[in-house]
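Sequential numbering from 1 along the given sequence is applied to the chain's residues. Just so you know, ligand 1 is whichever comes first in the structure, and atom 1 is the first atom listed for that ligand.
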Amino acid sequence: MNFADSEIVNAIMMEQGCKPAKSPEEAEIVFINTCSIRDNAERKVWDRLKYFRSVKKNKEGDFTVGVLGCMAERVREKFLEREKLVDLVVGPDAYREIPKLLMEVEDGRKAVNVILSQEETYADLAPVRVTGNGVTAFVSIMRGCDNMCAFCVVPFTRGRERSRPMESILHEIRQLSQEGYKEVTVLGQNVNSYNDNGTSFAELMYQASQVDPEMRIRFSTSHPKDFPDELLHVIAEQPNVCNYIHIPAQSGNTEVLERMRRPYTREQYLTLIDRMREIIPGVSLSTDIITGFCGETDEQHKDTVSLMKEVRYDLAYMFAYSERERTFAHRKFEDDVPEKVKKARLTEIINQQMDIQADINREEIGKRHLVLVEGTSKRSDDQLAGRTDTNKMVIFDRQDYQKGQYVEVLIKDANSATLFAEPIRVSSIAQFHEEPVTA
Ligand code: 5AD
Ligand code: SF4
């Protein structure tokens, strides 16, 4: 989401005649787009600001530093007091004000705007993608969140939920298709509650899939409380809507879920997973899990371990609980699971997940996949990297293949994170679906 937000800020700055610089050392203005989700995300920002201080010291000429996004919203004026280097503090709904705020800074003032909005979706601004790979793009379809999960600071930093009009989303996807992009990930804190005057997320996904049959569409993130069958059918039936769902469980224990204010039980969650696998055979699933939430007992943690074992996720993002000010949990519960226990539980689920992923990925050996090439592999210039429809990273020898191509590959080897393949031929979504070749 921050990646997408930075592209909106790029658009605003470039309209002012600014150009992207290659490094902070070469820049006159530096913005740091921040995340508040866990304490360690915020610590990284303080460290980065320290680094900018050293850049400023060694520099002649102007150097304006701005803090944008969620942490700007949370820490506000305190940034100016605590970190004298910061000139500008701008919350996630105030990016349009940046040029005006920069003028205030020029006049020698410190500038802050952290006003949240009920309407702002930046729908009319065409994001400028300066750091992407030119193949895959994020498209923001809504902002804010009304879910108020007990552990989460997002509703406080990003404000009320609001949906961007469907026409403006489809226009952006059309534009991306014309520019040669091959994959779009539509983004929102909870895309399933997308609502543009009655248009549902399932309808939006269907319309998005019709823009360009050779453009892959992904989405993130979904909440288990409102996942309709209609959306599962769109995923199953439209060849370019990827067979991959990120469906955060957070915990495998119903009492913990209740304290987290996640309105579903373990059983309801598992029923939803069965339904997904029934309607979309072979669907790839991922989750978010928090260990050591307030009051979590050993037994309750074991329920998370067993849930993950039962579902066998293709991918999982796992975190130790980090208390955030203003949240329901901060106000009502005690952060009473010792740090050591949180970390031990985290290590346990990470280890189990790595084993499961290694097993699942090994099952791919001998199968064919359509890979969208995103660029050169990090490890070697002689290899390309891309992802399957099911969101698995695949590496193969470059030969004459190129970034942006769909390549049909045969999987030869795998570990917990990556599949290794032999390329067979350049293909397309239509060709791959029409002529499935058996290995
Ligand atoms: N502590 C740890 N993890 C958190 N998340 C959100 N808030 C917290 C927190 N306070 C995790 C959730 C969410 C993901 C984006 O971050 O798992 O799904
Ligand atoms: Fe946070 Fe819950 Fe909203 Fe996700 S759905 S952003 S976890 S409050």
Side-chain angles (χ1 to χ4, degrees), residues 1-5 34-44 69-71 73-74 92 116 138 140-163 185 187-195 201 219-227 245-253 256-264 269 272 285-296 301 304 307-308 311 313 315-339 341-343 345-347 349-350 353:
M1 192 61 90
N2 272 4
F3 204 91
D5 271 17
T34 59
C35 174
S36 285
I37 197 99
R38 284 169 291 275
D39 187 51
N40 57 2
E42 293 202 345
R43 269 203 304 262
K44 281 186 208 161
C70 284
M71 200 174 161
E73 193 64 47
R74 212 184 72 71
L116 289 173
F138 292 117
S140 171
I141 63 162
M142 55 205 294
R143 300 184 69 83
C145 184
D146 285 348
N147 283 320
M148 293 287 178
C149 300
F151 49 80
C152 186
V153 76
V154 168
F156 302 95
T157 59
R158 288 193 162 257
R160 300 305 300 265
E161 182 181 287
R162 64 219 99 117
S163 298
T185 303
L187 291 178
Q189 305 300 340
N190 173 22
V191 291
N192 296 54
S193 56
Y194 176 85
N195 180 351
F201 182 60
F219 62 98
S220 189
T221 293
S222 293
H223 194 301
K225 73 177 168 138
D226 54 5
F227 207 109
I245 303 174
H246 182 59
I247 185 80
Q250 311 296 0
S251 166
N253 176 273
V256 174
L257 287 169
E258 204 175 316
R259 271 207 306 284
M260 287 178 161
R261 300 176 115 195
R262 302 276 295 182
Y264 52 89
Y269 182 86
L272 175 62
L285 300 172
S286 64
T287 193
D288 291 344
I289 299 284
I290 297 176
T291 60
F293 184 63
C294 311
E296 186 189 66
H301 163 68
T304 298
L307 179 98
M308 295 180 77
V311 176
Y313 294 102
L315 204 65
Y317 302 90
M318 299 160 276
F319 316 101
Y321 172 60
S322 164
E323 186 177 55
R324 311 313 289 141
E325 272 173 25
R326 294 177 76 193
T327 58
F328 186 81
H330 176 253
R331 284 179 281 127
K332 302 282 182 203
F333 304 139
E334 207 182 321
D335 181 13
D336 55 357
V337 177
E339 212 51 40
V341 176
K342 285 180 189 170
K343 291 277 155 61
R345 289 177 186 170
L346 181 62
T347 304
I349 60 168
I350 290 175
Q353 181 60 25

Ligand 2 versus Asn190: contacting region, heavy-atom distance under 4.0 Å: neither
Cys149 near ligand 1 by a heavy-atom separation under 4.0 Å: no
Residue and atom name of the nearest protein heavy atom (relative to atom 4 (Fe) of ligand 2), distance in Å to one decimal: Gln189 O, 4.3 Å
Polar side chain donor-acceptor pair, Asn192 to Ser222, under 3.5 angstrom: yes
Ligand 2 versus Met148: contacting region, heavy-atom distance under 4.0 Å: backbone
Contact atoms of ligand 2, heavy-atom distance to Val154 under 4.0 Å: 6 (S)
Contact partition for Pro248 relative to ligand 2, non-hydrogen atoms under 4.0 Å: neither
Shortest protein contact, atom 5 (S) of ligand 2 (heavy atom only): Asn147 ND2, 3.3 Å
For atom 8 (S) of ligand 2, closest protein heavy-atom neighbour: Cys149 N, 3.4 Å
Sub-4.0 Å atoms of ligand 1 with respect to non-hydrogen atoms of Gln250: 12 (C), 13 (C), 17 (O), 18 (O)
Atom 18 (O) of ligand 1 [closest protein heavy-atom partner, distance rounded to 0.1 Å]: Asp288 OD2, 2.6 Å
Closest protein heavy atom (residue, atom, distance) for atom 7 (N) of ligand 1: Phe151 CD1, 3.3 Å
NZ or CZ of Arg38 within 45° of Phe319 ring axis and under 6.0 Å: yes
Gap separating the CE atom of Met1 from the CE atom of Met142, nearest 0.5 angstrom: 8.5 Å
Protein heavy-atom partner closest to atom 1 (Fe) of ligand 2 - residue, atom, separation in Å: Cys152 SG, 2.3 Å
Nearest-contact summary for atom 1 (N) of ligand 1 - protein heavy atom, Å: Ser322 N, 3.0 Å
Numbered atoms and elements of ligand 1 in range of Ile290, under 4.0 angstrom, heavy atoms: 3 (N), 4 (C), 5 (N), 12 (C), 17 (O)
Close-contact set for ligand 2 against Cys145 heavy atoms, below 4.0 Å: 3 (Fe), 5 (S), 6 (S), 8 (S)
Shortest non-hydrogen separation from Cys294 to Tyr321 and the atoms involved: SG-CE2, 3.7 Å
Atoms in ligand 2 flagged as close to Arg262, the criterion being non-hydrogen separation under 4.0 Å: 2 (Fe)
Atom indices of ligand 1, in the order listed, that fall short of 4.0 Å to a heavy atom of Phe319: 3 (N), 11 (C), 14 (C), 16 (O), 17 (O)
Those atoms of ligand 1 less than 4.0 Å from some heavy atom in Arg38: 1 (N), 2 (C), 3 (N), 4 (C), 5 (N), 11 (C), 16 (O)
